[in-house]
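Positions are given from 1, in the same order as the sequence printed here. All figures in this text were calculated on a predicted structure; none of them were measured in a lab. Any value given below was found using the heavy atoms of this structure, including those in side chains, with hydrogens, waters and symmetry copies removed.
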Amino acid sequence: MDSAPLLGSSIGHNNLIRSRRVVRRTPFSLRRAARILRRASGSRMMLRESSVQVRENAAEELEQRQSGWARSKAIILLDVLWNLVFVVSGIAVLWLSMNEKPSVPLRLWVVGYMIQCLFHMGCVFAEHVPETEAFRSSRDWESSGNWSSSSGSDVEYSIEQSEADDNSSILKHLESANTMFSFVWWAVGFYWVTAGGGCLTRDSPQLYWLCITFLAFDMVFVILCVAIACLVGIAICCFLPCIIAILYVVSDQEGATEEEIDNLPKFTFRIMSDSEMVNGENKESIQGVMIECNTDSPTERQLSQEDAECCICLSAYDNEAEVRELPCRHHFHCSCIDKWLHINATCPLCKFNILNINSNNESDRSHFNV
């Protein structure tokens with residue numbers, strides 16, 4: 001085992017990724033991965049444009065849920081405790097190492113590191129408390145049932161909401177500045193540790209190992225978070241039905257109800273043989289026909305070979321497969337789309353809200369249909 005790690009090695013500046021803040025923000029954008037996949041699909045990849053769009057929308061949905069989970073009390077408490085451990089450890093080692101005399105200003109670096117932790121904790125509290133109060137205020141205002149009874153209360157609520165948004169924007173800028181400073185401070189600490197040479201383990205072992213621990217925790221945690229984000233991105237691209245099934249099990253019903261989903265038209269797909277005729281002519285481009293179920297006068301829709309595929313699971317429709325069509329006329333396997341609509345009542349391809357069928361139906365269709 002190396003008694004003095006980092007003294008004879010170096011790490012590229014590209015690895016200097018923010019660390020402690022990653023508890024609440026993933027450093028890699030799932031939507032960015034989906035956009036990369038979209039560009040790659042233009043280079044003759046197997047995925048069609050519609051399938052890529054579904055995965056990009058799914059990545060956006062998952063990223064929004066991740067943002068909501070990051071604001072939960074459990075994650076905020078974990079974030080605060082994580083940074084508090086660093087602060088307490090730093091104070092303890094500084095007190096125990098008062099007699100040590102390092103050749104480089106390691107104490108200054110440890111103090112700066114703890115200040116970053118404290119500043120981040122302050123931003124977390126300042127951001128979480130107004131969000132909680134705004135949520136309670138909004139809930140009380142909506143539950144009062146007097147939305148139109150007083151225009152003055154509406155204006156007051158709008159002003160409060162605007163002030164809360166301004167404060168949140170300021171906190172985000174401060175947190176971003178703290179994150180950028182942590183980049184630089186990590187590099188400074190790494191340079192001081194490596195420049196100190198082997199004498200640090202002899203003259204100031206406690207300060208040295210504290211700095212090594214902080215640097216290593218930062219790097220390992222960032223690599224872990226980036227790896228998880230990449231794995232989730234790959235899972236969205238290749239195993240989207242599994243992701244939807246997991247969200248269906250662990251999430252509450254936030255989209256359409258079972259009754260609303262069942263009200264959507266359901267079809268049975270029938271593959272047409274080569275000898276069958278379409279309007280009296282052989283049409284090789286026609287893959288099959290969707291026949292509406294549970295109706296006395298079923299409608300039929302002809303599907304080309306390209307369209308006879310579920311954009312969620314990437315599987316072609318088998319003969320007698322159950323297919324559900326949304327008001328935007330996009331269709332998917334029932335087993336795929338029903339779970340999606342349970343967590344999000346919008347079309348995964350064009351984002352048409354199926355709950356808005358009775359209001360602005362035509363305008364929404366023309367806007368979202370692709």
Side-chain angles (χ1 to χ4, degrees), residues 28-66 228-251 255-256 261 264-272 284-291 293 301-352 354 368-370:
F28 188 79
S29 174
L30 298 178
R31 277 179 286 183
R32 187 181 305 169
R35 293 190 189 102
I36 293 174
L37 181 61
R38 170 185 283 274
R39 290 195 294 267
S41 66
S43 303
R44 300 182 180 276
M45 279 190 66
M46 297 299 293
L47 291 179
R48 296 188 295 119
E49 180 71 13
S50 57
S51 300
V52 176
Q53 182 64 50
V54 167
R55 275 143 184 80
E56 191 170 327
N57 293 337
E60 182 178 354
E61 169 70 18
L62 194 60
E63 196 167 7
Q64 291 174 353
R65 289 180 175 273
Q66 180 271 334
I228 292 175
C230 291
L231 290 176
V232 172
I234 294 174
I236 289 176
C237 295
C238 303
F239 307 103
L240 181 58
C242 298
I243 299 294
I244 295 176
I246 293 173
L247 290 177
Y248 176 79
V249 172
V250 302
S251 301
I261 296 174
L264 297 173
K266 186 177 180 180
F267 294 78
T268 299
F269 181 77
R270 184 172 63 85
I271 297 178
M272 299 184 63
E284 297 180 355
S285 61
I286 302 301
Q287 177 70 13
V289 178
M290 287 171 46
I291 305 174
C293 303
R301 283 191 56 193
Q302 300 171 2
L303 296 182
S304 65
Q305 185 175 1
E306 181 180 358
D307 293 334
E309 174 186 285
C310 177
C311 296
I312 296 178
C313 65
L314 303 179
S315 299
Y317 293 147
D318 295 327
N319 196 37
E320 303 298 327
E322 293 184 340
V323 179
R324 194 176 299 282
E325 186 180 66
L326 305 186
C328 54
R329 298 184 68 82
H330 292 134
H331 46 81
F332 311 86
H333 281 130
C334 288
S335 58
C336 296
I337 192 61
D338 289 1
K339 291 184 177 66
W340 170 269
L341 294 176
H342 179 82
I343 60 178
N344 190 329
T346 61
C347 173
L349 181 55
C350 67
K351 296 186 178 181
F352 175 82
I354 67 168
F368 287 114
N369 197 19
V370 294

S.K.: How about His331 and Tyr317: are their ring centroids closer than 6.0 Å?
M.R.: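 Under 6.0 Å, so yes.
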S.K.: Apply side chain to side chain contact (heavy atoms under 4.5 Å, CB included) to Leu247 and Asn344, showing your working.
M.R.: CA-CA 10 Å; Leu247 290 177; Asn344 190 329; over 6 Å; no
S.K.: Determine whether His330 and Ser50 satisfy the following criterion, side chain to side chain contact (heavy atoms under 4.5 Å, CB included), listing intermediate values before the conclusion.
M.R.: CA-CA 10 Å; His330 292 134; Ser50 57; over 6 Å; no
S.K.: Check whether any side-chain heavy atom of Arg270 lies under 4.5 Å from a side-chain heavy atom of Asn319, and answer yes or no.
M.R.: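 With C-beta onward as the side chain, the pair touches.
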S.K.: Does a donor on one side chain sit under 3.5 Å from an acceptor on the other, for Asn57 and Gln53?
M.R.: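 Indeed, the side chains of Asn57 and Gln53 share at least one donor-acceptor pair under 3.5 Å.
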S.K.: Just so I know, are the side chains of Ile261 and Arg324 near enough to count as touching, which here means a heavy-atom distance under 4.5 Å?
M.R.: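 When only atoms from C-beta onward are counted, Arg324 and Ile261 do touch, with a gap below 4.5 Å.
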S.K.: To the nearest 0.5 Å, what is the distance between CZ on Phe239 and CD1 on Ile246?
M.R.: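 Output value for this atom pair is 11.5 Å.
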S.K.: Taking the side chain as every heavy atom from C-beta outward, state whether Leu314 and Leu240 have any atom pair closer than 4.5 Å.
M.R.: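 They are not in side-chain contact.
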S.K.: Counting C-beta onward and ignoring hydrogens, is there a side-chain heavy-atom pair between Leu326 and Phe352 closer than 4.5 Å?
M.R.: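 Leu326 does not reach Phe352 side chain to side chain.
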S.K.: Distance from Lys339 atom NZ to Tyr248 atom OH, nearest 0.5 Å?
M.R.: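 Going from NZ on Lys339 over to OH on Tyr248, the span is 6.5 Å.
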S.K.: Should Cys347 and Phe332 count as side-chain neighbours, where that means a heavy-atom distance under 4.5 Å?
M.R.: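 Yes, their side chains come closer than 4.5 Å.
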S.K.: Indicate the atoms forming the closest heavy-atom contact of Ile244 with Cys336, along with that distance.
M.R.: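 Taking every non-hydrogen atom into account, CG2-O, 4.4 Å.
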S.K.: Below 4.5 Å, heavy atoms only, C-beta onward: do Cys328 and Ile354 meet side chain to side chain?
M.R.: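 Result no, sub-4.5 Å side-chain heavy-atom pair not found.
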